[in-house]
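Everything quoted here is computed from the prediction, not taken from an experiment. All heavy atoms count here, side chains included; hydrogens, waters and symmetry mates do not.
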Amino acid sequence: MDEIQVPPYFICPISLEMMKDPVTISTGITYDRENIEKWIFSTKNNTCPVTKQSLIGIELTPNVTLRRLIQSWCTLNASHGIERFPTPKPPVSKHHIIKLLKEAKSPEMQMKSLKTLRSIAYENDANKRCLESAGASEFLVSIINASNEMSDEEGFTSTQDEALSILYQLKLSEHGLRSLIMSGNGEFIESLIRVMQHGSYESRAYAVMLMKDMFEASTQPLMLGLKQEFFTQVIQVLRDEISQKATKASLQVLVHACSFGRNKLKAAEAGAIRVLVDLLLDSSEKRACELMLILLDQICQSAEGRAELLNHPGGLAIVSKKILRVSKVASERAIKILHSISKISATPSVVQEMLSLGVVAKLCLVLQVDCGSKAKDRAREILKFHAKAWRSSPCVPVNLLSSYSY
């Protein structure tokens, strides 16, 4: 069989595959809808792949003429095994979304409308952005915020569960996430805290994952205004180990929060150290371990955090164990934690405990491998801090000890 030649204007410039649903963007270039949507929404590009010009809006105009040409060409070449592409389903319109939102305001229609909105959001990223631009997020927030007017005994309704699930699945733009943060002068944050306190496991997971997205787009004032209850509930989600995604999101939320002000103390008072150490004892997933050690390092910058770590029977042991076993990032953070302990909180009993747990041997090993200059410098400093107490240990090389004065 002769090779079938496809006209070049039938080919998507991004993927070099035949277009199935050609659409034209603001620069006048035509692409296949699936590929250009992936370029704009999934990889968050705001330029034309061919011309590199900035896009004016995200409207995708169907190129009906080209689509008919492609379908005709497929029909003419059917004898060569070419299948005709069906006419694509028209994309959802903003007008249709606004109509659904109006219907959803009726208590009798609300759940049905929400399920329709969910199915639309699940279809593609373009639908998600259409929902956002039509005001769906503001409507969903109003449903979730209604939980603040309920008593603790009433819990969280199925309608609010559905609204929270859709809101998370929308994967709002940075502007949309910032709008959530500013919603009702922090009322939405209070709503998410309530969800984590009284909601189902699934809703609690959605709440903390949505909060993670919001924190990544947030500003300092939000972080400085977090209440003690926020830390209590996020740490409880960590403790319950609802899912891997919820655990990782909780860790990321706390890492963002503990970068500011007195939040380190609030996290320590909420029991973060004990939960993190217990999780580290059983965790082997690289990124999760890194986040736990980053968070432990942040909290151990407070006296309360260091005290909590030392009070845990496995605290020093698990931090030392993770050195050189997870990643360079994890090793650096673990050594930094030990450095804080050694420099500020090392009583004679703590110094001896570090020796008996093998911490000294691990620090000596750090000096012999490639793990970063900062990590090595901190390891040397720790050994120097307590050289007199550890000088009789067979773990510490004689030539290392002889370089220090006692």
Please output the side-chain donor-acceptor pairs of residues 90-105 that fall under 3.5 Å, not counting sequence neighbours, one pair per line with the distance.
residue : atom : partner : partner atom : Å
S93     : OG   : H96     : N            : 3.1

(message) Under a 3.5 Å threshold, yes or no: a donor from one side chain and an acceptor from the other, between E108 and S106?
(response) yes

(request) For D297 and R333, indicate whether the former's side chain and the latter's backbone hold a donor-acceptor pair under 3.5 Å. (result) no

(message) Using side-chain hydrogen bond (donor to acceptor under 3.5 Å, both in side chains), reason through R118 and S165 one step at a time and then give a plain yes or no.
(response) CA-CA 8 Å; R118 176 197 278 268; S165 171; 2.8 Å; yes

(request) Over all heavy atoms of both residues, which pair between W39 and I14 is shortest? Give the atoms and the distance, please. (result) CB-CD1, 4.1 Å

(message) What's the separation between atom CZ in R33 and atom CZ in R67, rounded to the nearest 0.5 Å?
(response) 9.5 Å

(request) Check ring-ring contact (aromatic ring centres under 6.0 Å, His included) between F230 and all other residues, then give those that pass, not counting sequence neighbours. (result) F215

(message) Once rounded to the nearest 0.5 Å, what's the spacing between atom CG of D213 and atom CG of L167?
(response) 9.5 Å

(request) Apply the test side-chain hydrogen bond (donor to acceptor under 3.5 Å, both in side chains) to residues T159 and T157: give CA-CA distance (whole Å), side-chain angles for both, the deciding distance (0.1 Å), then the verdict. (result) CA-CA 5 Å; T159 303; T157 69; 4.5 Å; no

(message) Within a 6.0 Å radius of atom CZ on R262, are there more than 12 heavy atoms belonging to other residues, nucleotides or ligands?
(response) no

(request) I would like to know whether R68 and Q71 meet side-chain hydrogen bond (donor to acceptor under 3.5 Å, both in side chains); could you show each step before the answer? (result) CA-CA 5 Å; R68 288 173 178 168; Q71 290 175 326; over 6 Å; no

(message) To check you understand the geometry: which heavy-atom pair defines the closest contact between D32 and C12, and what is its length?
(response) N-SG, 3.6 Å

(message) Apply side-chain hydrogen bond (donor to acceptor under 3.5 Å, both in side chains) to residues Q301 and S340 and explain how you reach the verdict.
(response) CA-CA 7 Å; Q301 291 170 26; S340 295; over 6 Å; no

(message) Under the rule for salt bridge (charged side-chain N to carboxylate O under 4.0 Å, His left out), what residues qualify as partners of K286, not counting sequence neighbours?
(response) none

(request) May I ask you to decide if Q368's main-chain N or O and K376's side chain share a donor-acceptor pair within less than 3.5 Å? (result) no

